[in-house]
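Right, one structure below, let's go through it.
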Number of protein chains: 2
Amino acid sequence: MARTAQDVTDAELAVLQLLWDRGRDTIRRLTDTLYPNGTGVHYATVQKLLERLEGKKYVKRNRNDWPHSFQPTVERADLIGHRLQMTADKLCAGSLAPLLTNLVKGSRLTAEERQSLRVLLDELDDEVSGKK
Amino acid sequence: MARTAQDVTDAELAVLQLLWDRGRDTIRRLTDTLYPNGTGVHYATVQKLLERLEGKKYVKRNRNDWPHSFQPTVERADLIGHRLQMTADKLCAGSLAPLLTNLVKGSRLTAEERQSLRVLLDELDDEVSGKK
DNA sequence: TCTAAATAAAGACGAAACGTCTTAATCACG
DNA sequence: CGTGATTAAGACGTTTCGTCTTTATTTAGA
């Protein structure tokens with residue numbers, strides 16, 4: 001059984017999170033945040049992580065800027081959705097419904113959370129019935 | 001940034017899935033299913049995977065039986081819940097609510113699925129209000 | 001009881017993953 | 001131009017994980 005690499009590794013995710021917060025940034029500024037009082041060596045680490053994120057199409061490099069700036073091409077919600085789908089694929093034969101059930105049953109939802117969830121479901125009903 | 005091992009690897013999961021389906025089984029029978037027309041060498045692979053699952057407390061070994069039988073100590077729903085929590089920890093600051101929202105918004109839920117979800121929410125309301 | 005087959009137990013091995021680091025080429029700016 | 005920063009490409013070491021080897025132990029059958 002072949003090993004499968006992660007979509008986004010933890011170190012890569014740390015960089016991506018900053019980009020989500022900031023919209024776009026340079027290697028230098030990202031490095032200073034991730035490694036405060038860090039040596040110059042960490043710059044290359046962040047550089048490599050961004051290079052890999054770019055290769056995997058999670059990040060876009062702006063070569064017009066100098067120094068280059070980087071920005072996410074994928075939103076946080078997209079990655080969440082992807083992770084959820086992976087969990088469904090491996091544990092629920094690809095179906096997402098069991099994940100929903102698990103979350104509703106397992107997590108201690110507040111009354112407010114339950115209510116907003118109902119609102120969300122009602123909106124979906126409306127969309128389907130064409131009322132929009 | 002230190003690397004973190006997976007909770008259950010893919011090869012381990014293949015074994016665990018069989019145990020979930022069957023309740024309990026021996027190495028020999030699991031091996032025959034996972035590697036039909038496989039050589040004798042695969043027996044040791046399954047053996048090792050079970051040993052690791054046992055070490056991680058996902059599986060219990062019954063040493064009274066001969067040959068030893070193995071059974072899950074964790075249900076599928078438990079692992080699903082754990083994976084969901086991991087996703088929440090890494091992408092939602094630990095909160096599960098965003099996962100709920102993502103699933104409801106993103107997945108094409110059928111009318112039946114939406115309805116059963118509402119029933120689930122109503123049951124939770126009842127529990128909280130003490131009617132049960 | 002003795003032997004052969006099956007199982008248990010422990011460990012080793014290699015490829016890949018991944019975080020990190022090194023080195024050399026390229027660029028902007030005074 | 002030359003100095004410092006940035007880009008570019010790659011190497012390295014540790015850990016992970018699927019697999020395989022070897023040896024000890026147990027059961028079943030003659």
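Chain letters run A, B, ... following the sequence lines, proteins first and then strands; every chain starts at 1. Since we're looking at a predicted model, the values are computed, not measured.
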Please evaluate residues B:R63 and B:E54 with respect to the criterion salt bridge (charged side-chain N to carboxylate O under 4.0 Å, His left out), reporting the C-alpha separation (whole Å), side-chain torsions for both, the decisive distance (0.1 Å), and the verdict. CA-CA 12 Å; B:R63 294 171 191 276; B:E54 186 190 8; 3.5 Å; yes
Remember a base hit wins even if backbone is also touched, and classify B:Q47 as base, sugar-phosphate or nothing at under 4.0 Å, heavy atoms.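 Answer is base: heavy atoms of B:Q47 come under 4.0 Å of a base.
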Considering every strand and a 4.0 Å limit on heavy-atom distances, what is the contact class for B:A44: base, sugar-phosphate, or nothing?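 Base contact - B:A44 has a heavy atom under 4.0 Å of at least one base atom.
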Please give, in whole Å, the distance from [N] [atom2] to [X] [atom1]?
{"X": "B:K48", "N": "D:dC17", "atom1": "NZ", "atom2": "C1'", "value": "11 Å"}
{"X": "B:Q6", "N": "D:dC17", "atom1": "CD", "atom2": "C1'", "value": "9 Å"}
{"X": "A:E51", "N": "D:dT6", "atom1": "CD", "atom2": "P", "value": "17 Å"}
{"X": "B:L13", "N": "D:dG18", "atom1": "CG", "atom2": "C1'", "value": "14 Å"}
{"X": "A:L50", "N": "D:dA8", "atom1": "CG", "atom2": "P", "value": "12 Å"}

So, is B:T9 close to the D:dT16 phosphate, meaning a side-chain N or O under 4.0 Å from OP1 or OP2?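 For D:dT16, OP1/OP2 do not have a side-chain N/O of B:T9 under 4.0 Å.
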Do the side-chain N or O atoms of A:R52 get closer than 4.0 angstrom to the phosphate oxygens (OP1, OP2) of D:dA9?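 False: A:R52 side-chain N/O out of range (4.0 Å or more) of D:dA9 OP1/OP2.
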Which comes earlier along DNA chain C counting from the 5' end, the contact point of B:M1 or that of B:Y43, where each point is its nearest nucleotide?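 Nearer the 5' end of the strand: B:Y43.
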If you find the nucleotide of DNA chain C closest to A:T45 and the one closest to B:R28, which residue's nucleotide is nearer the 5' end?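 Its nearest nucleotide being more 5', the pick is B:R28.
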Between B:K56 and B:H42, who's closer to the 5' end of DNA chain D by nearest nucleotide?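 Nearer the 5' end of the strand: B:K56.
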Whether A:K56 and A:E12 form a salt bridge (side-chain N of Lys/Arg under 4.0 Å from carboxylate O of Asp/Glu) is what I want to check.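 Between A:K56 and A:E12 there is a salt bridge, with a charged N closer than 4.0 Å to a carboxylate O.
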Let's test your reading of the model: under 3.5 Å, does the base of D:dT16 pair with the side chain of B:R3 as donor and acceptor?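 Checked by distance alone, the answer is no.
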If you only use heavy atoms from C-beta on, which nucleotide in D:dG18, D:dC20, D:dT14 is closest to the side chain of B:D10?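 Of the options given, the side chain of B:D10 lies nearest D:dG18.
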Set of side-chain contact (heavy atoms from CB on, under 4.5 Å) partners for A:E113, sequence neighbours left out: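 Testing A:E113 for side-chain contact (heavy atoms from CB on, under 4.5 Å), a comparison that skips the adjacent residues, returns A:L109, A:T110, B:A97.
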Mind jotting down which residue pairs meet the ring pair (Phe, Tyr, Trp, His ring centres under 6.0 Å) criterion with at least one end in residues 3-39 of chain A? Sequence neighbours excluded, please.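 Sorted pair list: A:Y35-A:H42.
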Can A:R118 and A:D125 be said to form a salt bridge (charged side-chain N to carboxylate O under 4.0 Å, His left out), step by step? CA-CA 11 Å; A:R118 262 186 278 258; A:D125 282 343; over 6 Å; no
Can you find a side-chain donor-acceptor pair between B:R22 and B:T33 that sits under 3.5 Å?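 A pair is found: one side chain offers a donor N or O, the other an acceptor, under 3.5 Å apart.
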Extract, from 5' to 3' on DNA chain C, the first and final nucleotides lying under 4.0 angstrom from some heavy atom of chain B.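 First and last nucleotides in contact are C:dT7 to C:dT20.
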Judged by atom type as modelled, is there a donor-acceptor pair below 3.5 Å linking the side chain of B:D65 to the main-chain atoms of B:N62?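 Checked: no pair found.
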